[in-house]
Amino acid sequence: MSEKTTSFFRYLAYAMEIILLYVLGTTPNLLPEIFGAKPTLLLCVALTAAIFEREIPAMVIGMICGILTDLGYSNGIGLFTISLTVICFIVGYAANNLVVAKFTTFLLYAFIAVGGIFMLYFLVHIVWAGVDDCWGYFQRHLLSRMVQTYVLSIPIYFLNRFIYRTLGNEIN
């Protein structure tokens, strides 16, 4: 197959994955809530796609996942859109130009990105908004969401690695 054909099918696979995980993540009572929170699956998709793609496609995938995450959690476009767009660009750049994209590298990127995004969410939507018992909210909801998102990024990494290796531009 030509490069354009494989790229089309690869991005189509990412789009189908994004739609499926958006529906899974936002449908009430479909995924179990562990300690009062569900994982943010689109964050996993954005980070795993960013490790394999170049900067601009990674940034676009991050922006799409961020928009959908914002709409699913806060009914407006903002924090997740901006932060995922920037983080996916940085991860895409680093994975392609600075550090070899391996599983251990991805685990480090995911740990930093998931922790950073949820801490930013905590500061903006909980602390600055003046929510009472903000540390209790962090312990009851955000900490479990961070751990679940990080853990579920591992199988999504292997799924996206399969997609990239099967439909990638170069043979790995």
Shared hydrophobic cluster, [X] / [Y] (ILVMFWY, side-chain heavy atoms < 4.5 Å):
{"X": "L107", "Y": "L152", "value": "yes"}
{"X": "I18", "Y": "L159", "value": "yes"}
{"X": "Y11", "Y": "I51", "value": "yes"}
{"X": "V45", "Y": "F158", "value": "yes"}
{"X": "Y157", "Y": "I154", "value": "yes"}

- Task: Go through the steps for S153 and T149 under the test side-chain contact (heavy atoms from CB on, under 4.5 Å), then give the verdict.
- Result: CA-CA 6 Å; S153 68; T149 302; 5.7 Å; no

- Please test M119 against L123 for side-chain contact (heavy atoms from CB on, under 4.5 Å), starting from the C-alpha separation and ending with a verdict. CA-CA 6 Å; M119 289 308 294; L123 288 174; 5.6 Å; no

Can you confirm whether [X] sits close enough to [Y] that some side-chain heavy atom of one is under 4.5 Å from a side-chain heavy atom of the other?
{"X": "Q148", "Y": "V151", "answer": "no"}
{"X": "V99", "Y": "Y109", "answer": "yes"}
{"X": "V60", "Y": "I64", "answer": "yes"}

Nearest 0.5 Å, what's the [atom1]-[atom2] distance between [X] and [Y]?
{"X": "I112", "Y": "I117", "atom1": "CD1", "atom2": "CD1", "answer": "12.0 Å"}
{"X": "T40", "Y": "Y121", "atom1": "OG1", "atom2": "OH", "answer": "9.0 Å"}
{"X": "L120", "Y": "L79", "atom1": "CG", "atom2": "CG", "answer": "4.5 Å"}
{"X": "F106", "Y": "I156", "atom1": "CZ", "atom2": "CD1", "answer": "8.5 Å"}
{"X": "T48", "Y": "I61", "atom1": "OG1", "atom2": "CD1", "answer": "8.5 Å"}
{"X": "C65", "Y": "L84", "atom1": "SG", "atom2": "CG", "answer": "7.0 Å"}

- Message: Tell me which pairs pass side-chain hydrogen bond (donor to acceptor under 3.5 Å, both in side chains) where either residue lies in residues 55-67, with sequence neighbours left out.
- Response: E55-N97

- Message: Test: side-chain hydrogen bond (donor to acceptor under 3.5 Å, both in side chains). Region: residues 14-24. Which pairs qualify, not counting sequence neighbours?
- Response: Y14-E53

- Closest non-hydrogen contact found for G62 with C88 is CA-SG, 3.6 Å

- Task: Mind listing the closest non-hydrogen atom pair of M59 and T85 along with its distance?
- Result: CG-CG2, 3.3 Å

- Message: A quick test of your reading: do over 12 heavy atoms of other residues, nucleotides or ligands sit less than 6.0 Å from OH of Y93?
- Response: no

- What do you reckon, is CZ of F111 surrounded by more than 12 foreign heavy atoms closer than 6.0 Å? no

- Are F52 and F162 close enough that their ring centres sit under 6.0 Å apart? no

- For the ring pair W135 and F122, is the centre-to-centre distance below 6.0 Å? yes

Is the backbone of [Y] close enough, under 3.5 Å, to the side chain of [X] for a donor and an acceptor to pair up by distance?
{"X": "R10", "Y": "L167", "result": "yes"}
{"X": "T27", "Y": "L24", "result": "no"}
{"X": "T81", "Y": "I67", "result": "yes"}

- Query: Checking side-chain contact (heavy atoms from CB on, under 4.5 Å) for the pair M146/F138: CA distance, chi angles, key distance, verdict?
  - Reply: CA-CA 10 Å; M146 287 168 51; F138 179 79; 4.3 Å; yes

- Please work out which of the three classes, parallel, tilted or perpendicular, describes the rings of F118 and F80, given edges at 30° and 60°. perpendicular

- Task: For residues 121-136, pull every pair meeting salt bridge (Lys or Arg N to Asp or Glu O under 4.0 Å), keeping only residues two or more places apart or in separate chains.
- Result: D133-R140

- Message: As a quick check of understanding, evaluate side-chain contact (heavy atoms from CB on, under 4.5 Å) for L43 and T69, giving each step before the final call.
- Response: CA-CA 8 Å; L43 179 61; T69 302; 5.8 Å; no

